[in-house]
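Note: hydrogens, waters and symmetry copies are ignored here, and every other heavy atom, side chains too, is used.
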Amino acid sequence: MTSTTTPTFTTALLSGALAGATVDLSLYPLDTLKTRLQSSSGFLASGGFTGIYRGVGSAIIGSAPGAALFFCTYEYSKSFLSARRQAKQITEGGPGLREWEAPIEHMVAASLGEVAACAVRVPTEVVKQRAQAGQHPSSLSALSAILSQHRSIGMSGVWRELYRGWSVTIMREVPFTVIQFPLWESMKEYRRRTSGKDGISAFESGLFGSAAGAIAAGVTTPLDVLKTRMMLAKEKTAMIPLLKQILKDNGPRAFFAGIAPRVMWISIGGAIFLGSYQWASNTLTERQARYKA
């Protein structure tokens, strides 16, 4: 259990890295099945239940720095916005006058965190999903295939290929995070008030993260389907034409393909991700407090 003190940069960095690596590696098989369900080639043609750890190399490399970037940006932005609000409360006279701004602060901070994390996450996802869908035997093979195109499309083309789906990933991740993190923070705050304690345990954080993640996952599944189709397409396709093509070929139900494994994966992932983040943050904060004492 730890207090509501904002984690330091180092604490957020290390806790985020641990949380990202833990959740991505433990739930990788479910992520593979979800990707194959959403593939335009079909579940069985993309590999079915075989090779469910195909592409795990990119997840190992990208998960820790991506999550670390997210939490460093999130915690710093949240702290900055909170301090700004509290300063206004003092000048306006009244500690509870601007409390309604807290959820908005969490939304803004989480959005900024996602944009920062996507700098690492998008290339990782492109490589990982091409391996998961059976287009390449491994992450290294998928990455090599992209890099080998530099002779025909130039390095700028390779860069665009690695960041294919950037816009729709941002469109998926920001709404997801805007739903999940304010819910998670609100649940934690409610627990503090009702328990009379000035802190949250890792178990409680994981439980709240699971509930918030499940809700956000269900709502944003259509955006996830669109992102997966963009990343797996053999040629770069604009978002709106692809959207129309999916509707024409498969109908509206296609946008909820893989919703069950996605909700299950993110619900479990939310528990592991935010539970392990809270555990690491609590542990590091307590050690720092003992060291200072």
### Query
OG of Ser39 to CD of Gln129: how many Å apart, nearest 0.5 Å?
9.5 Å
### Message
How close do Ile200 and Ser205 get, counting heavy atoms only, and between which atoms?
### Response
CG2-N, 3.7 Å
### Task
Without swapping roles, check the side chain of Thr285 against the backbone of Asn282 for a donor-acceptor pair under 3.5 Å.
no
### Query
Does a side chain donor of either Ser267 or Ser210 reach within less than 3.5 Å of an acceptor in the other side chain?
yes
### Donor-acceptor contact below 3.5 Å, side chain Thr11 vs main chain Pro7
no
### Member of Lys197, Arg192, Arg191 meeting the salt bridge (Lys or Arg N to Asp or Glu O under 4.0 Å) criterion with Glu204
Arg191
### Hydrophobic cluster membership, Leu147 vs Trp166, 4.5 Å side-chain cutoff
yes
### Spacing of CD1 belonging to Ile268 relative to CG belonging to Leu27, to within rounding of 0.5 Å
6.0 Å
## Note on the structure
Heavy atoms of Ala212 and Leu183 approach each other most closely as CB-CB, 3.8 Å
### Summary
d(Leu207 CG, Met187 CE) to nearest 0.5 Å is 8.5 Å
### Query
Is the side chain of Ser82 donor-acceptor paired with the backbone N or O of Lys78 at a distance under 3.5 Å, no angle test?
no
### Message
According to a hydrophobic-cluster definition based on side-chain heavy atoms being under 4.5 Å apart (Ile, Leu, Val, Met, Phe, Trp, Tyr only), do Ile266 and Phe208 belong together?
### Response
yes
### Query
Leu143 and Val56: same hydrophobic cluster, using ILVMFWY side-chain contacts below 4.5 Å?
no
### Query
Between Leu223 and Met171, which heavy-atom pair has the shortest distance, and what is it?
CD1-O, 3.2 Å
### Summary
Rounding to 0.5 Å, atoms CG (Asp31) and CG (Asp24) come to a distance of 7.5 Å
### Task
Please determine, by modelled atom types, if Trp279 and Ser201 share a side-chain donor-acceptor pair under 3.5 angstrom.
no
### Message
Parallel, tilted or perpendicular, judged at 30° and 60°: which one describes the rings of Phe273 and Phe71?
### Response
tilted
### Query
Would the Phe70 and Phe181 ring centres measure less than 6.0 Å apart?
yes
### Query
Is the side chain of Tyr163 donor-acceptor paired with the backbone N or O of Ala119 at a distance under 3.5 Å, no angle test?
yes
### Query
Side chains of Ser281 and Ser15: donor-acceptor distance under 3.5 Å anywhere?
no
### Message
Show, in sequence, the C-alpha distance, side-chain angles and deciding distance for Tyr28 and Gln132, and conclude whether the side chain to side chain contact (heavy atoms under 4.5 Å, CB included) test is met.
### Response
CA-CA 10 Å; Tyr28 193 83; Gln132 286 177 324; 3.4 Å; yes
### Summary
Per side-chain hydrogen bond (donor to acceptor under 3.5 Å, both in side chains), Thr220 is matched among Gln180, Arg262, Lys227, Glu173 by Arg262
### Query
Is it true that a side-chain atom of Ser46 and a backbone atom of Phe43 form a donor plus acceptor pair closer than 3.5 Å?
no
### Query
Taking Arg36 for the side chain and Gly48 for the main chain, is one N or O donor matched with an acceptor at less than 3.5 Å?
yes
#### Entry: Rounded distance (nearest 0.5 Å) linking atom CD of Glu75 with atom OG of Ser79
8.5 Å
### Task
For Ser77 and Ala109, indicate whether the former's side chain and the latter's backbone hold a donor-acceptor pair under 3.5 Å.
no
### Query
What pair of heavy atoms forms the shortest contact from Tyr277 to Gly16, and how long is it?
CD1-N, 3.7 Å
### Task
Give a yes or no answer on whether the side chain of Thr73 reaches the backbone of Gly113 with a donor-acceptor pair at less than 3.5 Å.
no
#### Entry: Donor-acceptor contact below 3.5 Å, side chain Ser141 vs main chain Ser138
no
#### Entry: Cluster overlap Trp184 with Ile272, hydrophobic side-chain contacts below 4.5 Å
yes
### Task
Can you see which heavy atom on Ile153 is nearest to which on Val158, and at what distance?
CD1-N, 3.7 Å
### Message
To the closest 0.5 Å, what do you measure between CD (Glu105) and CZ (Phe80)?
### Response
10.5 Å
### Pro182 to Pro103 - nearest heavy-atom pair and separation
CG-O, 4.1 Å
### Message
For the backbone of Glu185 and the side chain of Tyr190, can you confirm whether one donor and one acceptor N or O come within less than 3.5 Å of each other?
### Response
no
